Amino acid sequence: MADLRFRVVAEAFAAMERVTARTQLMLTLVKLFKATPPEVIDKVVYIIQGKLAPDWKDVPELGIGEKLLIKAIALAYKASESTVERLFKSIGDLGEAAERVARQYRAKRRGRGMGLDAFMGVEEEALTVNRVYNTLLRIAQAQGEGSRDIKLRLLAGLLAEADPLEAKYIVRFIEGRLRVGIGDATVLDALAVAYGGGAHAREIVERAYNLMADLGYIARLLVERGVEALKEIHPRDGVPIRPMLAERGRDPEEVLRKVGGRALVEYKYDGERAQIHKRGDEVVIFSRRLENITRMYPDVVEMVRRSVRAGEAIVEGEIVAIDPDTMELKPFQELMHRKRKHDIHKIMREVPVAVFLFEMLYRDGEDLTGMPLPERRKRLLDSIQPEETFRLAEYMETGDPQELWSFFLKAVEDGAEGVMVKALHSQSYYVAGVRGWLWVKIKKDYKSEMIDTVDLVVVGAFYGKGKRGGKLSSLLMAAYNPETDTFRTVCKVATGFTDEELEKMQDMLKPLIIPHKHPRVDSKMEPDVWIEPSIVAEILGAELTLSPMHTCCYNRAKTGVGISIRFPRFIRWRPDKRPEDATTEEELYEMYRRQLRRIEEEAVQAG
Ligand code: ATP
């Protein structure tokens, strides 16, 4: 079977660490993909994503902590654990420490004439992608008694075969931080260029990925069967679809206009989004991030078995914590207890839930995503035998802003977060993976000046002064631009962190520090350290302002300035969001425009 030397992948990673522009990042990836035979392109894509399979596939974690990793490095290169540890402490990166130990080991072997094979002209066998991937998979699959030793042996064996550069990236992969910072968007771009005939194929590749959230599979299909095969992709039971997302709005009249007049208005529940796949009695639930969360909701599985009448179906809804006696909605935080690993049946009784359905994407072999919303709803209604805790989201249909507003107030009073306003026209398709104006959310924090919180990505950090001296205590935050796949800065956040939060933040940021600005970051500010864009935080501010220091919406509202947030305050981390799920530049621009309009209205009212 055709294979690829792992060295080629390691060299691409090394090159990507050096580049400073996103296009270079993408071109390095194109080169790597072109060098990769079709048989292993899926594995190469997973490795780039830092995974062995898509999250929803439930491949076990590698289960190798820092200690075991150090042991394996020591074992592979006949060094003492304390030597590896000391090097690690002084460099601050275990991948580089492994690289150095490996290099010393090679030099020593050569010095002692142990490289006899090489001397005799027999080359050591080169490490391949298959060998690396399959060994990592075996490490992950080793479970139960004695598995620690098996993992150690497998890993030490793999490292012993690796050259120093390869060792560096194997170690980093195991630590879960390759630090090459490639998002899905870059992979999609590179695949389109390498195998789709150019950037114009990007849309097709992306659509396929949105309908079948397995980037490795999509890559392989593209390489083996071409763009045409991707056009034929339909949702398939068991493979999650990337969720459709909403734009945000405020003014009912404007929102109705945006969705084309009449709309379906539903409660926006504050719970966990669930994409539920059913085949016969088999039920799988995926989260918003498309992780398999079935284990957390055995009660929902039962509800689906009882209530969904189709043999095969994919439906979406929001799982919400409730008071079963009154059916009152409880806040999102309540649901988090379900994340506990043990005794799910006890927690299930303590935190009862209800499911409010709002979508049907697939039914008995029929792909519904290309149908307008009224058609999808008809099928959803036909397929559900509702129960008190498993039913459609509260809804109404209207074209009247006044009616919409009354419904919004009722939703908030009932404990919902606001409403979702959804287009009903002939093109109101389910557009997987896309945030668009077919769905608009109106949320209740409309009273605060800034209307709404935003979710921003940490791209840099500054050391504090005084009591916070020596600690990273303010963060440079950025919004996402999906068109350019870059992060552009909005503000510096230094308030809202408790002392405890601050301590935790140090550990969280340290491994993400990179030596130069990330190629996907656009910033005028120079923070004390640059951070790989990967963590999202929810931020609230007093209002949006214009600032020459920030690059978000630069030159858009006014020449020479960008949009920033005044008095930004940290609210909470959003581990459920990837950096690409952060608030977009466009959303901030819309928020700024709405703020301007409000100020103007107030000025007119004040006479
Ligand atoms: P937020 O940060 O407001 O939760 P988001 O970025 O996760 O938003 P949006 O598309 O902006 O996602 O808002 C839609 C989210 O609201 C969905 O992901 C879902 O979890 C939730 N939701 C609650 N009720 C509904 C509903 N009736 N229709 C669609 N989504 C709903």
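Counting begins at 1 with the first residue of the sequence. Here the structure is a predicted model, which is why all the values come from computation and not from measurement. Ligands are counted one by one from 1 in listed order, and the atoms in each one are counted from 1 as well.
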Original post:
Met420 heavy atoms, cut-off 4.0 Å: which ligand 1 atoms fall inside?
Top reply: 14 (C), 25 (C), 26 (C), 27 (N), 28 (N), 29 (C), 30 (N)
Original post:
Nearest protein heavy atom to atom 31 (C) of ligand 1, by residue and atom, and its distance?
Top reply: Phe358 CE2, 3.7 Å
Subject >> Leu392 side chain near Phe358 side chain, heavy-atom distance below 4.5 Å >> reply: no
Original post:
Side chain, backbone, both or neither: which part of Lys577 has a heavy atom under 4.0 Å from ligand 1?
Top reply: side chain
Original post:
Judging by distance only, is a nitrogen or oxygen of Lys441 under 3.5 angstrom from one on ligand 1?
Top reply: yes
**OP:** Select one of side chain, backbone, both or neither to describe which atoms of Phe356 lie under 4.0 Å from any atom of ligand 1, heavy atoms only.
**Re:** neither
Original post:
Do Tyr395 and Tyr267 have ring centres separated by under 6.0 Å?
Top reply: no
Subject >> Other residues, nucleotides, ligands: >12 heavy atoms within 6.0 Å of Glu203 CD >> reply: no
**OP:** Using the salt bridge (Lys or Arg N to Asp or Glu O under 4.0 Å) rule, take Asp184 and Arg578 through it: C-alpha gap first, then chi angles, then the decisive distance, then the call.
**Re:** CA-CA 10 Å; Asp184 291 351; Arg578 297 169 312 157; 3.1 Å; yes
Subject >> Ring-face cation of Arg556 near Tyr589 (centre distance under 6.0 Å, axis angle within 45°) >> reply: yes
Subject >> Side chain proximity check, Met212 to His234, heavy atoms < 4.5 angstrom >> reply: no
Original post:
Taking 4.0 angstrom as the limit, do Lys278 and Glu312 come out as a salt bridge?
Top reply: no
**OP:** Report yes if Ala393 has an N/O atom closer than 3.5 Å to an N/O atom of ligand 1; otherwise report no.
**Re:** no
Original post:
For ligand 1, which atoms sit closer than 4.0 Å to a heavy atom of Trp439?
Top reply: 29 (C)
Subject >> Closest candidate by heavy atom, reference atom 1 (P) of ligand 1, pool Lys443, Glu316, Glu587 >> reply: Lys443
Original post:
Evaluating non-hydrogen atoms only, which member of Arg288, Glu538, Glu318, Glu417 is closest to atom 5 (P) of ligand 1?
Top reply: Arg288
**OP:** Evaluate the side-chain proximity of Leu475 to Met505: yes if any heavy-atom separation is below 4.5 Å, no if none is.
**Re:** yes
Original post:
Quick one: does Asp364's side chain have a donor or acceptor within less than 3.5 Å of a partner on Gly311's backbone?
Top reply: yes
**OP:** Do me a favour and list the nearest non-hydrogen protein atom to atom 16 (O) of ligand 1 with residue, atom name and distance?
**Re:** Lys268 NZ, 3.0 Å
**OP:** Check each atom of ligand 1 against the heavy atoms of Arg435 and keep those under 4.0 Å away; list them by number with element.
**Re:** 6 (O), 9 (P), 10 (O), 11 (O)
**OP:** Keeping the roles fixed (side chain from Thr498, backbone from Glu501), state whether a donor-acceptor pair exists under 3.5 Å.
**Re:** yes
Subject >> Of the listed options Lys422, Arg574, Glu394, Glu266, closest to atom 29 (C) of ligand 1 (non-hydrogen atoms) >> reply: Lys422
Original post:
Which atoms of ligand 1 sit under 4.0 Å from any heavy atom of Tyr267?
Top reply: 24 (N), 25 (C), 26 (C), 27 (N)
**OP:** Among all protein heavy atoms, pick out the one at the shortest distance from atom 17 (C) of ligand 1; state its residue, atom name and that distance to 0.1 Å.
**Re:** Arg273 NH1, 3.4 Å
**OP:** Could you find the nearest protein heavy atom to atom 10 (O) of ligand 1 and give me its residue, atom name and distance?
**Re:** Ala246 N, 2.7 Å
